[in-house]
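Read the structure below first, then the notes.
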Amino acid sequence: MDRMSLTRLSRRAIVAVGLLLAPLAMQAVPAAAAPSPAEAWVAQNVQQGLTILNKKQAQQARRDEFKTFLLGLIDIRAISLYTLGSGARTSTPQQQDQFVEAFKEYASAVYYKYLAQYSGQTLKVTGSVAGRPNEWIVHTVLIDPHNPNNADPFKVDFRVSQSSGKFLVKDACVEGIWLAILEHDDFDSFLGQNGGNVGKLIDHLHKLTSDLQKG
């Protein structure tokens with residue numbers, strides 16, 4: 001996986017998980033169908049993300065607050081280690097911790113840089129279905145204000161879990177593609193091309209993060 005591959009992955013991941021945090025307006029669920037707790041949680045966090053990203057404050061302060069919010073929204077360690085793929089089996093506990101930290105910084109930088117691209121669009125929750133115990137798939141569509149007919153809305157599903165009364169995003173599906181699975185495959189490809197060297201993958205993520213933060 002080269003830089004272009006990670007950039008492609010980043011942009012697709014933003015459309016999914018990032019939609020939950022972007023400056024979007026949540027359309028109301030029809031009155032006849034009260035939102036489930038998982039659906040209501042998605043809606044609440046859209047509004048919270050909107051507030052953070054639109055705050056009038058120094059960029060670094062806004063970036064730090066956004067990062068804290070993001071990391072409280074997703075199961076970052078579980079997602080990180082899953083995407084590490086074969087490296088999760090061959091790496092040391094110390095390397096795993098280093099990868100998780102690198103992934104945190106990388107994800108935060110990617111989402112912060114590109115989320116504004118979706119400003120003005122509308123995310124509509126269309127329903128949810130139960131999955132594994134204490135897990136739901138929340139269905140949403142992205143409404144383009146420049147396409148009033150919305151004949152073919154962009155579909156995004158969120159896999160949301162609940163543990164000890166707390167919801168977390170476990171994965172997101174964009175037009176049928178689950179993003180954690182895509183990341184897993186791309187990182188595995190990178191490791192395959194670099195002799196399974198997790199350190200190189202960590203260094204690569206650091207470099208990409210630095211480039212994103214510099215703009």
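Both backbone and side-chain heavy atoms feed into the values below; hydrogens, waters and symmetry mates do not.
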Practice prompt. Taking the side chain as every heavy atom from C-beta outward, state whether R159 and R132 have any atom pair closer than 4.5 Å.
Written response: yes
Practice prompt. Could you tell me whether the side chain of L84 reaches within less than 4.5 Å of the side chain of L201, counting heavy atoms only?
Written response: yes
Worksheet item: Can you name the residues that form a ring-ring contact (aromatic ring centres under 6.0 Å, His included) with H139, not counting sequence neighbours?
Response: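 Per chain and number, H139 pairs via ring-ring contact (aromatic ring centres under 6.0 Å, His included) with no residue.
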Item to complete: With sequence neighbours left out, write down each residue that passes ring-ring contact (aromatic ring centres under 6.0 Å, His included) with F167, or none if nothing qualifies.
Response: W41, W136
Could you work out, with salt bridge (Lys or Arg N to Asp or Glu O under 4.0 Å) as the rule, every residue matching [X], not counting sequence neighbours?
X: R62; value: none
X: D188; value: none
X: D97; value: R77

Gap between atom [atom2] of [Y] and atom [atom1] of [X] - 0.5 Å precision:
X: S108; Y: L212; atom1: OG; atom2: CG; answer: 11.0 Å
X: I79; Y: L179; atom1: CD1; atom2: CG; answer: 10.0 Å
X: D157; Y: T140; atom1: CG; atom2: OG1; answer: 6.5 Å
X: L81; Y: F103; atom1: CG; atom2: CZ; answer: 10.0 Å

Taking the side chain from [X] and the backbone from [Y], do they hold a donor-acceptor pair closer than 3.5 Å?
X: S189; Y: D185; result: no
X: D75; Y: L168; result: no
X: Q96; Y: A88; result: yes
X: T209; Y: L205; result: yes
X: N197; Y: K200; result: yes

Worksheet item: side chain to side chain contact (heavy atoms under 4.5 Å, CB included) between K207 and D203: does it pass, once the steps are laid out?
Response: CA-CA 6 Å; K207 176 62 166 59; D203 290 342; over 6 Å; no
Worksheet entry | Atom CD of Q60 with >12 non-hydrogen neighbours under 6.0 angstrom |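 More than 12 within 6.0 Å, yes.
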Item to complete: Show which residues join I137 in its hydrophobic cluster (side-chain heavy-atom contacts under 4.5 Å, direct or indirect), or state none.
Response: Y82, V129, W178, I181
